Amino acid sequence: MQLLDNSPEIQTSTLLDVGGIILHLTHEQFEQLCQNNPDKSLELNKNGELEIVAPIGGESSRAESKLITRLTNWSEQTGLGETFSSSGAFILPNGAERCPDAAWVELSRWSALTPEQRQKFVPLAPDFVIELRSDTDRMPKLREKMEEYRENGVRLGWLIDPQKQQVEIYRLGRDVEILEAPSSLNGEDVLPGFVLDLRSIF
């Protein structure tokens, strides 16, 4: 079993190559594979091709935990929606199955799902996502994911790069906004009243 590597750089995610054949899976096969391999971080792209997401180091894990905690605290205080960690997968309208580092879904959309749908990979695009760049991540690949989120209906997305102390903001129907060393981020109309303090992240 080999990992397909098209670049000398470490990739954010890589296609699994078995004997020169890229694995194509159905949604049901992918879900079963994830259940059988809970210690692996896996995603499925829009073409049904399996991707392995590289594990992250301690500093990135610490920062990701802070992001999720702060988003969860705000969500519970307001009661406006539900927060999800990178362990949860979302089935996007284009067929990709993605696991953002942090995600949030507005309450009415979550409530509209059946109990069975909530138990499985969530069949919708989140309203809000965060991708936090780790030392093993390549920005071009992360930007592709952010564009994919936006194209599939994610209303607001933050790509946070601690290495450059930079944030890229993705909004529906608007150009990407780049912020240099911001001290905080505002959730705008998607997450009303939510302010993320970035001082412990940067």
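This structure is a prediction, so every number in the text was calculated from the model and none was measured.
- Centroid-to-centroid, the aromatic rings of W104 and W110 stay 6.0 Å apart or farther.
- With E76 contributing its side chain and N73 its backbone, the two residues share no donor-acceptor pair below 3.5 Å.
- The side chain to side chain donor-acceptor pair (under 3.5 Å) check on Q32 picks up N36, with sequence neighbours excluded.
- No chain of hydrophobic side-chain contacts below 4.5 Å, direct or via other Ile, Leu, Val, Met, Phe, Trp or Tyr residues, connects L159 to L185.
- Checking E116 against T114 by side-chain atom types alone, no donor-acceptor pair falls below 3.5 Å.
- Applying the salt bridge (charged side-chain N to carboxylate O under 4.0 Å, His left out) test to pairs two or more places apart or on separate chains, those with a residue in residues 150-170 are D127-R155, R133-D161, R143-E168, E147-R150.
- In this structure, L156 is a member of the same hydrophobic cluster as L132, with clusters built from ILVMFWY side-chain heavy atoms closer than 4.5 Å.
- Residue I160 is not grouped with residue M139 when hydrophobic side chains (ILVMFWY) are merged at heavy-atom distances under 4.5 angstrom, including chains of intermediate members.
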Would you be so kind as to tabulate the donor-acceptor pairs closer than 3.5 Å made by side chains of residues 83-91, with sequence neighbours excluded?
unit_1	atom_1	unit_2	atom_2	d
S85	OG	S87	N	3.3
S86	OG	E64	OE2	2.9

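- Each ring pair (Phe, Tyr, Trp, His ring centres under 6.0 Å) pair with one or both residues in residues 130-159, not counting sequence neighbours, appears once here: F128-W158.
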Just distance, no hydrogens or angles: give the donor-acceptor pairs under 3.5 Å from side chains in residues 52-61, sequence neighbours left out.
unit_1	atom_1	unit_2	atom_2	d
E59	OE2	R62	NE	2.9
E59	OE2	R62	NH2	2.5

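- Under a 3.5 Å cut-off, the side chain of Q163 and the backbone N or O of S134 do form a donor-acceptor pair.
- To the nearest 0.5 Å, atoms CG (D197) and CZ (R70) are separated by 5.5 Å.
- Checked against side chain to side chain donor-acceptor pair (under 3.5 Å), E177 has the following partners two or more places apart in sequence or in another chain: R171.
- Under the 4.0 Å criterion applied to side-chain N and carboxylate O atoms, E51 and K141 are assigned as salt-bridge partners.
- Formation of a donor-acceptor pair under 3.5 Å by the T72 side chain with backbone atoms of I68 is found in this model.
- Classification of E131 and R98 as a salt-bridged pair fails, no side-chain N sitting under 4.0 Å from a carboxylate O.
- Once rounded to the nearest 0.5 Å, the distance linking CD1 of I169 with CG of L179 reads 4.0 Å.
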